[in-house]
Amino acid sequence: MPIQVYNTLTRQKQPLTPVQAGQVGMYLCGPTVYDDCHIGHLMGPVLYDAVARWLRARGLAVRFVNNITDIDDKIIARAQASGESWQDITAHYTAQYFDLLRRLHVVTITDHPRCTGHVPQMVDYIADLVRSGRAYVAEDGVYYEVSQQPGYGKLSGRRLDEMVADAEKEGKLAHGLRSRADFALWKRVKPGEPSWPSPWGDGRPGWHIECSVMSLHTLGATFDIHAGGEELKFPHHENEIAQGEAHGGGYAQVWMHNNLVQFEGAKVSKSDPRMRDPAFRRQFQALAVVEGHGAAVVRFLLLNGHYRRPVDFAPSNIGAIRTALGRLHRAVGDLLDAPGDAALDEILARQLPAEGARHRERFVAAMDDDFNTGAAIAELFGLAALAAKGGTAERLLLRDLGRLIGLFQPGDGKDTVAPTAAADDGTLGKVMALVLELRQKARADRDFATSDLIRDRLKEAGIAVKDAKDGATWERA
RNA sequence: GGCGCCGUGGCGGAGAGGCUACGCAGCGGAUUGCAAAUCCGUGUACUCCAGUUCGAAUCUGGACGGCGCCUCCA
């Protein structure tokens, strides 16, 4: 049974049939590095990392390209406003992005091309489009002539004549544009802006051209999967297709679009009035989110549902998610911190009691069916119950299946089940070991007043003590 | 207004023409000195109205509601 993927272009699921057998080329539009990453920036990397992990588990060689947009009007505006150089700004936010990827265990990306590294290739590409009559030079730059493109609008379901008619009601065309639907490939430089040389004067590339060019140079003209957030369908992806096809490739065979991260039922945009409140704003900053809730919880939240549905990032949601993940972590137990990944083939070959095997089967079927991580994770809970009852094989299976989509990484437990005395060999760990030993003595003497006093006071201090058969454990509340 | 996505139990969230999703919370029980954790049990869920069908939450049409996008400049 081949992997099924929902293709935005055809609006249906279809079997994934790579252009070159055994290999998958995948491109994900990356961030424009001009400001702090927010929670929404994490969705794509985490989701498509799980996708790439699964494709690899299924035996495909995946080349996964995720660009960095380091030339852009917003970057220039930011530089002009703050007085920093645009290079410092992009370097800073690129580093932040990479740091987040590392923390979230996004490990499958093979290439991070930057726009600044591909300007000559973009110039060549634009020159090709001008030469073939698909682009023209206007007063302030070079534009792609959309009316020359058969099938324009096929991805987003828009009709060119309607769009142009609507736009033209708004006013006459500026800068020598032939149509309001045309978009910039090259923007001629204005004073004080960074620029690169071109046959049409110094300037910088337009937004859409970068992805077409960088995908061409990493994956080839025709590649397998182009991924991105739903909000990029139009105009960005539509224009990428136009450029790619005009340049002479089939462009992406499959378009995957993930839905957006929402807050209490709605997307929070930068213009939202609440964003003026720094505390409100802070809770969407990716770094603050990852530090506040833990990378494992964030990753779990983003994968818990289906990627074509919105994810609601509300505090009450996160709490429930954290509890749920904690349950899985506890079931995985000490296997959580053990390194190593098992290959899917090896996992599938294991002998297992019927119930565990059924969960394994369903997990695999869910992932094969358009990467349904939510349904796959549901099976992990079934395995967790079996593991908690003493199923050793199920416990290992639980961990190994989870790891196939990037869950259960060493150290993840600290985000849900806080460190125990055994796991913390620092000063606090030693002190706690002593305290628990004394408390255990009191309990052995049936001096419950003392043992409860210790537990209550520790709780006030932010430490929860839990008695188990084989001794007490503690964690930070 | 145009295009697209979606409306599932208290909440989150899969699935899907007849078969327990799952999780969180709640309730009952086991275990525990008491808690925690764990285990067992526990929910007349599918926005509304028509239609197709032996049978629809699942398909079709309509209504209502939510969300996203609607190009340089933003």
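Hydrogens, waters and symmetry mates play no part in the numbers below; they use all other heavy atoms, side chains included. Remember, predicted model here, so these are calculated numbers, not experimental data. Within every chain, numbering begins at 1; the chains are lettered A, B, ... in the order of the sequence lines, protein sequences first and strands thereafter.
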Suppose you measure atom [atom1] in [N] against the same atom in [M]; what distance do you get, rounded to whole Å?
N	M	atom1	result
rG23(B)	rG41(B)	P	12 Å
rC72(B)	rG68(B)	C1'	22 Å
rA35(B)	rG43(B)	P	26 Å

Tyr27(A) and His226(A): aromatic ring centres closer than 6.0 Å? yes
Is the distance between the ring centroids of His237(A) and His257(A) under 6.0 Å? yes
Review item, side-chain donor-acceptor pairs of residues 294-301 of chain A, under 3.5 Å, at least two apart:
unit_1: Arg299(A); atom_1: NE; unit_2: Gly406(A); atom_2: O; d: 3.4
unit_1: Arg299(A); atom_1: NH1; unit_2: Asp49(A); atom_2: OD2; d: 3.1
unit_1: Arg299(A); atom_1: NH1; unit_2: Leu104(A); atom_2: O; d: 2.8
unit_1: Arg299(A); atom_1: NH1; unit_2: His105(A); atom_2: O; d: 3.3
unit_1: Arg299(A); atom_1: NH2; unit_2: Asp49(A); atom_2: OD2; d: 2.7
unit_1: Arg299(A); atom_1: NH2; unit_2: Ile405(A); atom_2: O; d: 2.9

Determine, stepwise, if the pair Arg403(A) / Asp412(A) fulfils salt bridge (charged side-chain N to carboxylate O under 4.0 Å, His left out). CA-CA 11 Å; Arg403(A) 282 198 178 166; Asp412(A) 275 2; over 6 Å; no
Could you identify the nucleotide paired to [N], looking across every strand shown and requiring Watson-Crick or G-U wobble geometry with both distances under 3.5 Å?
N	value
rU58(B)	none
rC27(B)	rG41(B)
rC69(B)	rG2(B)
rG12(B)	rC22(B)
rC64(B)	rG7(B)
rC46(B)	none
rA35(B)	none

Nearest-Å distance for atom pair CZ/P, residues Arg11(A) and rC6(B): 12 Å
Value in whole Å for how far the P atom of rC67(B) lies from CE of Met43(A):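 My rounded result for the distance is 19 Å.
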For RNA chain B, which residues of residues 302-312 of chain A approach it to below 4.0 angstrom with any heavy atom?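 Going residue by residue through residues 302-312 of chain A, the ones with a heavy atom under 4.0 Å of RNA chain B turn out to be Gly305(A), His306(A), Arg309(A), Pro310(A), Asp312(A).
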Base, sugar-phosphate, or nothing for Ala184(A), non-hydrogen atoms under 4.0 angstrom? nothing
Checking all strands, does Ala385(A) fall into the base, sugar-phosphate, or nothing category for heavy-atom contacts under 4.0 angstrom?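 Counting heavy atoms under 4.0 Å across all strands, the contact made by Ala385(A) is with sugar-phosphate only.
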Distances for protein N/O vs nucleotides 20-29 of chain B N/O pairs under 3.5 angstrom?
unit_1: rG23(B); atom_1: OP1; unit_2: Arg327(A); atom_2: NH2; d: 3.4

For a quick test of reading the model: is some side-chain N or O of Asn239(A) closer than 4.0 Å to OP1 or OP2 of rU71(B)?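 Asn239(A) to rU71(B) OP1/OP2: no side-chain N or O under 4.0 Å.
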Which heavy-atom pair separates Phe263(A) from Pro315(A) by the least distance, and what is that distance?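 Looking at all heavy atoms of both residues, the closest pair is CE1-CD, 3.8 Å.
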Indicate the ring-plane relationship of His247(A) and Tyr125(A), choosing parallel, tilted or perpendicular according to the 30° and 60° boundaries. parallel
Is the closest basic N to carboxylate O distance between Lys190(A) and Asp140(A) below 4.0 Å?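 Salt bridge between Lys190(A) and Asp140(A), a charged N being under 4.0 Å from a carboxylate O: no.
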